[in-house]
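Below, chains carry the letters A, B, ... as their sequence lines are ordered, and counting in each starts from 1. Small disclaimer: the values here were computed from a predicted structure and weren't measured.
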Amino acid sequence: AAGVIQSPRHLIKEKRETATLKCYPIPRHDTVYWYQQGPGQDPQFLISFYEKMQSDKGSIPDRFSAQQFSDYHSELNMSSLELGDSALYFCASSTDPSSYEQYFGPGTRLTVT
Amino acid sequence: KNQVEQSPQSLIILEGKNCTLQCNYTVSPFSNLRWYKQDTGRGPVSLTIMTFSENTKSNGRYTATLDADTKQSSLHITASQLSDSASYICVVSATVNTGFQKLVFGTGTRLLVSP
């Protein structure tokens with residue numbers, strides 16, 4: 001069965017650079033969630049989208065922005081990267097925002113040097 | 001404040017033995033509780049999901065319980081295998097006023113199954 005696809009899987013950037021992470025949800029899933037997981041920490045909710053509109057916002061820094069496109073894939077744009085942004089970034093998708101089940105992607109490991 | 005706390009933080013057991021992981025939460029309004037297994041560097045994988053009216057659910061060797069009155073849940077792993085070595089995360093979902101599900105993640109229990 002198709003799963004959530006994230007790209008790239010690994011990314012190395014320098015401080016003050018920008019990064020774009022991509023998430024392709026499971027087909028027919030129209031809701032996408034972004035999470036940030038620092039080393040040894042539990043995932044922190046960043047932002048979610050439903051039908052190409054932002055549906056909820058968590059602890060996403062102002063330096064980050066995200067959007068969902070017409071094909072339901074989503075991109076997380078990160079600017080002015082800081083060392084503390086180094087983390088695993090997970091994307092999850094569900095059939096709709098009220099769905100109990102969120103399917104997580106494999107994550108993108110971002111390293112800021 | 002919405003919180004999910006898990007215990008123990010880490011656990012080492014011998015292959016073949018059973019173990020039980022605990023989860024206490026203060027999330028409101030409660031919608032459902034999930035247990036995820038997360039291998040290092042991988043995305044969480046759902047093991048069980050329980051709503052308010054369910055007090056036990058099994059998935060193979062994994063059995064989760066929920067006591068909505070005391071706001072406690074447990075995950076029991078039977079006849080552990082080396083592949084069970086992972087972090088187990090308790091996640092409680094609240095239904096926000098827009099109808100969306102907001103997940104509150106627990107701190108996780110890191111399980112190591114030793115041969």
At a 4.5 Å cut-off on heavy atoms, which part of A/Pro43 comes close to chain B: side chain, backbone, both, or neither? both
Find out if a path of hydrophobic residues (ILVMFWY) with successive side-chain heavy-atom gaps under 4.5 Å connects [X] to [Y].
X        : Y        : result
A/Ile47  : A/Leu110 : yes
B/Ile89  : B/Val27  : no
A/Phe104 : A/Tyr24  : no

Nearest-0.5 Å distance, OG of residue B/Ser46 to OH of residue A/Tyr103: 7.5 Å
Supply the atom-to-atom distance B/Ser93 OG to A/Gln102 CD, rounded to the nearest 0.5 angstrom. 7.5 Å
NZ/B/Lys17: more than 12 non-hydrogen atoms of other groups inside 6.0 Å: no
For A/Asp62, does the CG atom sit with more than 12 other heavy atoms under 6.0 Å from it, leaving out its own atoms? no
Aromatic ring centroids of A/Tyr35 and B/Phe105 under 6.0 Å? yes
Does the side chain of A/Phe90 come within less than 4.5 Å of B/Pro44's, by heavy atoms? yes
Heavy atoms only, distances under 4.5 angstrom: which of A/Arg109, A/Gln37, A/Gln6 has the most pairs with chain B? Name it, please. A/Gln37
